[in-house]
Structure formats: structure tokens, C-alpha cells
2 protein chains.
Amino acid sequence: MQNALRSYKANLFQALSHPTRIAIVELLRDGELCAGAIQEQLGIEQSNLSQHLAILRGRQVLANRKEGNQVFYSLRNPVLVEVLDIMRRYFQANLAEAVQMLDEIRSEPQAMAAESAKAEGS
Amino acid sequence: MQNALRSYKANLFQALSHPTRIAIVELLRDGELCAGAIQEQLGIEQSNLSQHLAILRGRQVLANRKEGNQVFYSLRNPVLVEVLDIMRRYFQANLAEAVQMLDEIRSEPQAMAAESAKAEGS
DNA sequence: TGCGAATATTATAGACATCGAATATTCTAC
DNA sequence: GTAGAATATTCGATGTCTATAATATTCGCA
């Protein structure tokens, strides 16, 4: 059960582990929006958005409501916004480390251990 | 900048998007532990643990301190514990949905859209 | 009924993540 | 300096995620 709880958390985190999905959650913090409106705000492909919405829906992060031709999305639980706010404070409080982490992220993607390739001079 | 913040958050979530890494953070909530002790608690392969630790280190989630032969790990910022606690409350507040999500997780891994395969009767 | 808008799903190629096995590094003690 | 403990890194196979393109569904309306 301890383990199930960890899987639950891990999956929730995974749902939020993509910038687009964070953006979606943030867009919805003040109320529901239909998919089209979200797409307009984010400026991404329709099917791409729809897949991200499907993930957030499946993970119970978002609720959806059909109205005629449109589907309105909203946050199921505002606690997530609270978490995101905490993260912003965390980011600001540790700006130096945060920037360092952003650098890591940029240099790391291709292979977790390309560290040795650091051309430290450039 | 708005975007950088989102990437930052997304990457932090990604760092926490694996049950083993959640377990590590939780283990460290009350103080530092050396890698060996963590391994003992989790009962996983040494190299596997070391890889997870490398990820958490790279994402600035953990600090590490070398003492002789051992490396002690600790949380860089207790705010993450706060986040995990919030999530536990989230879990408890939405127990029904949480269980539903756990089911989703079990059925979903192989393909994000195997939903249609739901044998709703079972 | 049939068209067009809004959204969802499927397919697929490329990037990424995870694991265990093997190997490398770093340290202590002898 | 060599052995052995503790940790880290590399490698390779396998699985998962993401984006785009193509197609399907669902709905309102003429």
C-alpha cells in the first residue's frame, strides 16, 4: 500500500512532467476552458493538445464537460495549483541552483552522462 | 522566462516521476543517509540506485557529501517534502478517483489509448 | 441527409528512460 | 602498492513518450 501510494504520486508527477501540461494546468487555474481556447493560448497542434489533455484526463487531473460541439476542461482539484505555486517559490528561493538545473536539463537530454563532454571553455 | 519556469517545474516533476525516486526523497526527509543505507532500505540493484541518485543530484533535488568511502545524500530543500505531503492529502481527499487512477495506470502503460479495451463489465 | 466545426484516436518514427551486467573509480587498511 | 569495500559510470536491450500526419467521431445546423 505504501508502494501503491508511491506509484500514485509518481504517476501524478509524471502527468505534470511536461511543460505543455504544466501550461494547461496553469491556464485552468481560474476556471474552465474549452479545448479550442486552450489550443489558441498555447499555439500547438490540435492533436498534440488533445493527447496531452487525454493524459491529464486519464490521470484524474482534469475533468471534462461536453457542451454541444465543445469540450470544457477544468481542474479536478485546485491543490495542484497550490503545488505549482510552491514550486515557483522554490524556484525563486534557489535561483542560482534553479538556473544550474535548467542548464543541466539543456545539456543532459541526449545522454544522462554526457557530462564528460562538457566543453567548459565555450 | 515564463517558459523557463515551466521547464523547471516540468523537470522537477520528472525527477519525481518514478516510485523509486519518491521513495528516496521520503527516506531522506528526516536526514541524510549514505547510498548503501538507501540501497538496503529499498532492496534494489546498486547500479540502479546509483542511477536514480544521479538523476536527483543532477536535478538539484539532492546534495551529496563524501565521507571516506561513503557518500551521504540529503535533501537540498525540504519544500519537496511539503509537496509530497500535499500530495498525500490530495490522495486521501480523492480516494475514489485515486483508485481509479491506479487502475488506469495498470491498464495504460503499454499504450496510452488502450482505453477502448476497457471491459467495463469486469 | 449531409456539411463543417470541434475534438479524439490511431499510426509511426525518433527521442528518452529504465534495467541489469559489466566495468571503472575512489577510498581505507594492510 | 594491492585488496576489498563503496559508489559511479558505461553498455545494450527493451519499453515508454512525444510530435506530426492521417483518420475517425460527434455535434449543430441547413
Side-chain angles (χ1 to χ4, degrees), chain A residues 7 10-11 13-24 32-59 62-73 104-118, chain B residues 7 10-11 13-24 32-59 62-73 104-118:
Chain A
S7 290
N11 273 279
F13 283 131
Q14 201 199 15
L16 297 173
S17 72
H18 193 287
T20 297
R21 297 199 288 271
I22 301 251
I24 292 170
E32 65 175 15
L33 285 175
C34 72
I38 298 173
Q39 192 194 347
E40 197 173 342
Q41 292 291 315
L42 300 186
I44 63 178
E45 287 278 322
Q46 183 269 322
S47 93
N48 190 7
L49 172 63
S50 200
Q51 286 175 90
H52 283 301
L53 289 173
I55 289 168
L56 292 171
R57 216 188 320 126
R59 299 291 212 276
L62 301 184
N64 61 329
R65 174 177 76 78
K66 212 166 191 172
E67 182 178 315
N69 225 2
Q70 298 172 300
V71 178
F72 286 85
Y73 281 91
E104 264 272 335
I105 291 158
R106 253 186 289 280
S107 65
E108 199 180 79
Q110 54 279 18
M112 186 188 59
E115 284 174 81
S116 46
K118 274 186 295 191
Chain B
S7 290
N11 274 278
F13 282 128
Q14 202 200 13
L16 299 172
S17 71
H18 192 286
T20 296
R21 296 198 289 270
I22 302 240
I24 292 170
E32 65 176 14
L33 285 176
C34 71
I38 297 173
Q39 192 195 346
E40 198 173 341
Q41 292 292 314
L42 301 186
I44 62 178
E45 284 282 322
Q46 183 271 322
S47 93
N48 190 7
L49 171 64
S50 200
Q51 287 173 87
H52 284 302
L53 289 173
I55 289 168
L56 292 171
R57 217 186 322 125
R59 299 290 213 276
L62 299 186
N64 61 330
R65 176 178 77 78
K66 212 166 190 173
E67 184 177 317
N69 226 0
Q70 298 172 298
V71 178
F72 287 85
Y73 282 91
E104 265 271 334
I105 291 160
R106 252 185 290 280
S107 64
E108 199 180 80
Q110 54 280 18
M112 185 188 58
E115 283 174 81
S116 47
K118 275 188 293 194

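Taking every side-chain heavy atom of Ala35(A) into account, dA8(C) is the closest of dA21(D), dT7(D), dA8(C). When each of dT9(D), dA8(C), dA21(D) is scored by its nearest atom to the side-chain atoms of Val71(A), the top-ranked nucleotide is dA8(C). Looking at the side chain of Lys66(A), the nearest of the listed nucleotides dC27(C), dA8(C), dC27(D) is dC27(D). Nearest to the side chain of Glu45(A), among dG20(C), dT20(D), dA6(D), sits dT20(D).
Between Ile38(A) atom CD1 and dA8(C) atom C1' the separation is 14 Å, expressed in whole Å. For Ile44(A) and dT18(D), the CD1 to P distance is 12 Å, given to the nearest whole Å. Atom CD in Gln14(A) sits about 8 Å away from atom C1' in dT16(D), given to the nearest Å. In this entry the distance linking CG of Leu53(A) with P of dA8(C) reads 6 Å, nearest Å. One can place CG of Leu16(A) at 14 Å from P of dC17(D), the figure rounded to the nearest angstrom. The separation between Arg65(B) atom CZ and dA6(D) atom C1' is 15 Å, rounded to whole Å. Phe72(A) places its CZ atom 14 Å from the C1' atom of dC27(D), with the value rounded to the nearest Å. Atom CD1 in Ile55(B) sits about 8 Å away from atom C1' in dT18(C), given to the nearest Å.
Dashed line: the shortest gap from a side-chain N or O of His52(B) to OP1 or OP2 of dA17(C) is not under 4.0 Å. Side-chain nitrogen and oxygen atoms of His18(A) include at least one within less than 4.0 Å of the OP1 or OP2 phosphate oxygen of dA19(D). Here Tyr73(A) does not reach the OP1 or OP2 of dA6(C): none of its side-chain N or O atoms lies under 4.0 Å away.
Using modelled atom types, one finds a donor on one side chain and an acceptor on the other under 3.5 Å when comparing Tyr73(B) with Arg57(B).
A side-chain donor-acceptor contact under 3.5 Å links Asn11(A) to the backbone of Ser7(A). Looking only at distances, a side-chain donor or acceptor of Gln51(A) sits under 3.5 Å from a matching main-chain atom of Ser47(A). Using a distance-only test at 3.5 Å, with no hydrogens or angles considered, no donor-acceptor pair links the side chain of Arg21(B) to the main chain of Ile55(B). The backbone N or O of Ala35(B) lies less than 3.5 Å from no partner atom in the side chain of Gln39(B), so there is not a single donor-acceptor pair.
A donor N or O paired with an acceptor N or O is not found under 3.5 Å between the base of dA8(C) and the side-chain atoms of Ser47(A). With hydrogens and angles left out, the side chain of Gln70(B) and the base of dT26(C) share no donor-acceptor pair within 3.5 Å. Residue Gln46(A) places a side-chain atom within donor-acceptor reach of the base of dA8(C), judged by atom type and a 3.5 Å distance cut-off alone.
Among the heavy atoms of the strands lying under 4.0 Å from Asn48(B) are primed sugar atoms or P, OP1, OP2 only; no base atom is included.
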I'd like to know whether Arg59(A) forms a side chain to side chain contact (heavy atoms under 4.5 Å, CB included) with Gln14(A), so could you lay out the CA-CA distance, the side-chain angles of the two residues, the decisive distance to 0.1 Å, and finally the verdict.
CA-CA 9 Å; Arg59(A) 299 291 212 276; Gln14(A) 201 199 15; 2.7 Å; yes
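In this structure, Leu56(B) and Ala15(B) approach most closely via the heavy-atom pair CD2-O, 3.7 Å.
Under the 4.5 Å side-chain criterion, counting only non-hydrogen atoms from C-beta, Leu33(A) is not in contact with Ile24(A).
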Table of protein N/O atoms under 3.5 Å from nucleotides 2-5 of chain D N/O atoms:
from	atom 1	to	atom 2	distance (Å)
dA5(D)	N3	Asn69(B)	ND2	3.4

